[in-house]
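Along the sequence shown, the residues carry numbers beginning at 1.
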Amino acid sequence: RRMGHYTEDVPKAFLEFDGRTLYDRQRALLEPHVDRTNVVLGYHHETVLARYDPENPLVLTDWERHENAASLLLALGRIDDDLLIINGDVLVDAREIGRLADQFDVLGGRLNLVGCIPGVQNSETAICWDESGRVTAYGLIEGHRHAGIGIVSRDHRDAALRILRE
């Protein structure tokens, strides 16, 4: 089932369940791993800014012309730091965020990390990787479904900006 009638005036991340939004829940999960949070807003950003008080909002005004990569591009262009990214409509577990952050720390920020859901599919954003674990393809391709979570290292920020602008 789709959520269309629930999201007529607010993005999924700002729907309230038991008095809390998904955004609030995600922020709470991120807090042990980040210095601060930002949120990229697009769809009904005016409503979100009026009803809620999102921390450090970045507004993608022409959101309807873009996919999630444009949100990442906006964030990378404004934030000169490592970025732990969660798509706004993704449910994640604190353990998964912890595992990703721990692995990033073990690697010393030398690599970007992308979460995925095992199993090959071709209907959602997906990633493929080589035998060393390096991502070789990303997008609407056949591959492992992107889990909507990842970390972009500050060391690779310029390269990520260049790739996303292409």
Side-chain angles (χ1 to χ4, degrees), residues 1-94 96-98 100-101 104 109 111-117 123-127 135 138-141 145-166:
R1 286 184 13 177
R2 306 293 300 178
M3 298 181 73
H5 66 282
Y6 295 109
T7 59
E8 289 175 355
D9 67 340
V10 68
K12 287 180 268 189
F14 288 89
L15 291 175
E16 291 189 31
F17 302 95
D18 293 330
R20 292 180 67 201
T21 64
L22 177 57
Y23 166 75
D24 289 330
R25 294 167 196 273
Q26 287 180 332
R27 238 179 59 210
L29 293 173
L30 289 172
E31 282 180 3
H33 306 285
V34 299
D35 299 324
R36 71 179 182 150
T37 57
N38 294 75
V39 59
V40 177
L41 301 171
Y43 177 73
H44 283 297
H45 63 273
E46 305 91 348
T47 304
V48 172
L49 293 171
R51 285 189 197 168
Y52 306 95
D53 187 22
E55 191 172 334
N56 303 310
L58 304 172
V59 176
L60 184 63
T61 54
D62 57 348
W63 62 270
E64 65 278 348
R65 294 184 8 203
H66 302 284
E67 58 176 312
N68 288 346
S71 296
L72 177 57
L73 180 60
L74 178 61
L76 283 169
R78 302 261 182 95
I79 303 166
D80 185 16
D81 203 348
D82 300 326
L83 293 180
L84 195 162
I85 302 125
I86 299 178
N87 290 6
D89 58 354
V90 173
L91 298 174
V92 293
D93 184 279
E96 296 306 319
I97 294 173
L100 196 69
F104 185 77
L111 299 173
N112 297 330
L113 300 178
V114 180
C116 73
I117 300 168
S123 61
E124 304 285 339
T125 301
I127 61 174
V135 172
Y138 175 87
L140 292 176
I141 59 170
R145 185 173 177 187
H146 182 261
I149 183 172
I151 301 176
V152 176
S153 170
R154 166 189 311 138
D155 295 344
H156 300 290
R157 178 177 173 268
D158 291 339
L161 283 165
R162 187 173 56 256
I163 290 166
L164 288 167
R165 285 181 179 138
E166 291 176 356

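Minimum interatomic distance between Ala126 and Ile141 (heavy atoms only, all atoms of both residues): CB-O, 3.4 Å. The two residues Ala94 and Leu29 come nearest to each other via the heavy atoms CB-CD2, 3.5 Å. In terms of heavy atoms, Ser71 sits closest to Leu60 at OG-CD2, 3.9 Å. Listed here is the closest heavy atom pair of Ile127 and Cys116: CD1-CB, 3.7 Å. Annotation for Ala160 and Val152: closest pair CB-CG1, 4.2 Å, computed over non-hydrogen atoms. Nearest heavy-atom pair across Ala28 and Pro32 is O-CD, 3.6 Å.
Counting heavy atoms from C-beta on, the side chains of Leu22 and Leu91 come closer than 4.5 Å. Between Arg154 and Asp80 the shortest side-chain heavy-atom distance falls below 4.5 Å. The shortest distance between side-chain heavy atoms of Ile79 and Asn56 does not fall below 4.5 Å. Side-chain contact between Arg25 and Phe17: present, with at least one pair of heavy atoms (C-beta onward) separated by less than 4.5 Å. Within the 4.5 Å cutoff, no side-chain heavy atoms of Val135 are placed close to those of Asn112. Under the 4.5 Å side-chain criterion, counting only non-hydrogen atoms from C-beta, Pro11 is not in contact with Leu41. Taking the side chain as every heavy atom from C-beta outward, Leu49 and Val59 approach each other to under 4.5 Å. Annotation: side chain of Gln26 is not in contact with side chain of Ile149 (no heavy-atom distance under 4.5 Å).
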**Report entry** Full working for side-chain contact (heavy atoms from CB on, under 4.5 Å) between Val48 and Val39
**Finding:** CA-CA 11 Å; Val48 172; Val39 59; over 6 Å; no

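Arg157 places a side-chain N or O within donor-acceptor distance of the main-chain N or O of Leu76, the cut-off being under 3.5 Å. Remark: side-chain polar atoms of Glu31 are not paired, donor with acceptor, to backbone N or O of Thr37 under 3.5 angstrom. Under a 3.5 Å cut-off, the side chain of His45 and the backbone N or O of Thr61 do not form any donor-acceptor pair. A donor-acceptor pair under 3.5 Å links the side-chain atoms of Ser153 to the main chain of Gly109, judged by distance alone.
Counting heavy-atom neighbours within 6.0 Å of Arg27 CZ, excluding the residue itself, gives a total above 12. The local environment of CG in Asp35 is sparse, with at most 12 non-hydrogen atoms from other residues, nucleotides or ligands closer than 6.0 Å. Within a 6.0 Å radius of CG in Asp53, no more than 12 heavy atoms belonging to other residues, nucleotides or ligands are found.
One finds the CG atom of Asp9 at 4.0 Å from the CZ atom of Arg51 (value rounded to the nearest 0.5 Å). Note that the CD1 atom of Ile85 and the CG atom of Leu113 stand 10.0 Å from one another [nearest 0.5 Å]. To the nearest 0.5 Å, atom CZ of residue Arg145 and atom OG1 of residue Thr125 are 8.5 Å apart. With values rounded to the nearest 0.5 angstrom, Glu166 atom CD is found 11.5 Å from Leu161 atom CG. Atom CD1 of residue Ile151 and atom CG of residue Leu100 lie 4.0 Å apart, to the nearest 0.5 angstrom. Taking CG of Asp81 as the start and CZ of Arg36 as the end, the distance is 8.0 Å to the nearest 0.5 Å.
Using a 30° and 60° split on the angle between ring planes, Tyr43 and Trp63 fall in the perpendicular class, above 60°.
For Tyr23 and Tyr52, the ring centers are positioned 6.0 Å apart or more.
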